Amino acid sequence: KDKNKYSGVVEDCCCDYETVNHLNEQVLHPSLQELVKTSFFRYFKVKLWCDCPFWPEDGMCRLRDCSVCECPESEFPESFKNPLRHGLSSDDLVCQEGKPQAAVDRTVDSKAFRGWTVTDNPWTSDDETDNADMTYVNLQLNPERYTGYIGPSARRIWDAVYSENCPKYPSEELCQEEKILYKLISGLHTSISVHIAADYLLDEATNTWGENLTLLYDRVLRYPDRVGNLYFTFLFVLRAVTKAADYLEQAEYETGNPIEDLKTQSIMKQLLYNPKLQAACPLPFDEAKLWKGQSGPELKQRIQGQFRNISALMDCVGCEKCRLWGKLQVLGLGTALNILFSVNGEEHLGQTLQLQRNEVIALMNLLNRLSESVTFVHEKETIMEGRISSP
Ligand code: FAD
């Protein structure tokens, strides 16, 4: 048994596994957990009513009835209300969202949203400036966990993400930049699987929730590359956050509650300029190495298009809560990509970088999700290694 499976430098990054685990445990995880509970960071603006551009025939996406409605039922055409009565067989309509664990709780308290520009991000498919159909969702009430979304619909999304947009490496033709896109998606996929395993419906009859370590092993731990990609994605997003530190520090975290807003600002400062982080892992990922070749600009455009497709695919996720977290995390990744790759020259970062409120919320919530996954994987991996190696 290889005891040092996760030692040494995380592939394509600049820090080793031990340092990442230590920093996460000591600095990042505690601060991020506090941060995402603040009023500013717990409300995410999202269009949950999907306009899936890829499979218009998919019943799941046409059924508004499947999702929790944010406006009175009387406003919907009769045919939306009870699709099973309208000549479609129940096999066509596996209404995942009928399961309580898949539904989104839209309870929001009214908070002020001020001081942020609204611009469009070239890495994502949603037009962030378009307010139609957008709702605010309280993320604290909607944890990412098991929802019962399995089968062909879920498989089709992952297949499309991998095979159409970022073919699996190793493949001779795949350049460093494409490999990175693959690793980001795989790392996010690992993190989603970890959250399913960490918070699983163990017994439907008694509504008992808990950890499913078999699932964790089967989907994640037995694949070292998936674990490696999780760490990679964590470091990549961390680099984006620290690169944008000056911008994020000066941003307004106003919600109308000055005491809480000061707290938000202070947690952000703790995270962005933490001396332990700067000493142990000053450059979690080195983006300056990329897009160097002659075809750099074309390549960037191509990969940007691929990522936009992945972002659009999130509208086809047939379970509302999965769609919420899929959209948030892909927006978070798109924001990280925007910070690292769309700004023309580091020296101009302060002047040219413009983030929206929702992007910053997505970015920090994504970092928190990845940090939770790293914590869970490290904890369980250590326990399982101990069990396997003890007599
Ligand atoms: P899947 O996880 O569907 O994987 C499909 C295939 O992809 C695997 O067979 C394997 O070949 C490959 N693969 C798996 N993991 C990786 C990896 N890390 N890197 C590279 N390749 C990999 N379900 C929930 O219960 N809760 C959620 O919140 C949730 N969110 C989702 C969000 C999105 C965007 C999508 C597309 C699905 C989501 N799902 C969620 C469904 C969940 O991800 C699985 O698809 C489902 O649980 C079925 O799992 P599976 O074992 O068939 O493998």
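By convention here, the first residue in the shown sequence is residue 1. Indexing begins at 1, ligand by ligand and atom by atom, following the structure's order. All values derive from a computational prediction rather than experimental measurement.
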Check for me whether [X] has a heavy atom closer than 4.0 Å to any atom of ligand 1.
X: R155; result: yes
X: H195; result: no
X: Y223; result: no

Where's the contact between W325 and ligand 1, heavy-atom distance under 4.0 Å: side chain, backbone, both or neither?
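Looking at W325 and ligand 1, no heavy atom falls under 4.0 Å.
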
With heavy atoms only and a cut-off of under 4.0 Å, state how M314 meets ligand 1: side chain, backbone, both or neither.
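Under 4.0 Å from ligand 1, M314 contributes side-chain atoms alone.
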
Does this structure show an ion pair linking K183 with D225, if we count only N-O contacts that are shorter than 4.0 Å?
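Salt bridge flag = no for D225 with K183.
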
Salt-bridged, K179 to E11, with N to O below 4.0 Å?
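Looking at K179 and E11, the cut-off is met.
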
Under 3.5 Å, is there a donor-acceptor pair between the [X] and [Y] side chains?
X: N24; Y: S371; result: yes
X: Q265; Y: E249; result: no
X: Y146; Y: N212; result: no
X: E372; Y: H29; result: no
X: Y162; Y: H189; result: yes
X: D203; Y: T208; result: no

Ring pair (Phe, Tyr, Trp, His ring centres under 6.0 Å) partners of residues 255-274, not counting sequence neighbours, each pair once
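Listed once each, the pairs would be none.
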
For ligand 1, which atoms, with element, lie under 4.0 Å from some heavy atom of [X]?
X: I150; result: 46 (C), 47 (O), 48 (C)
X: T190; result: 18 (N)
X: I196; result: 23 (N), 24 (C), 25 (O), 26 (N), 40 (C), 42 (C)
X: V317; result: 34 (C)
X: E144; result: 28 (O)
X: A154; result: 45 (O)
X: R145; result: 24 (C), 25 (O), 26 (N), 27 (C), 28 (O)
X: I157; result: 36 (C)

N/O separation below 3.5 Å, Y146 to ligand 1:
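Y146 vs ligand 1: no N/O contact under 3.5 Å.
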
So, regarding Y182 and ligand 1 (criterion: nitrogen or oxygen to nitrogen or oxygen, under 3.5 Å), is there a contact or not?
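In this structure, Y182 places no N or O atom under 3.5 Å from an N or O of ligand 1.
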
I need the minimum non-hydrogen distance between Y149 and S153, along with the two atoms involved.
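Looking at all heavy atoms of both residues, the closest pair is OH-OG, 2.7 Å.
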
Out of [options], whose heavy atom sits nearest [atom]?
atom: atom 29 (C) of ligand 1; options: S153, C322, G318, C316; value: C322
atom: atom 49 (O) of ligand 1; options: K183, R219, R323; value: R219
atom: atom 11 (O) of ligand 1; options: R226, R156, H189; value: R226

Under the rule for ring pair (Phe, Tyr, Trp, His ring centres under 6.0 Å), what residues qualify as partners of F41, not counting sequence neighbours?
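F41 satisfies ring pair (Phe, Tyr, Trp, His ring centres under 6.0 Å) with Y253 only.
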
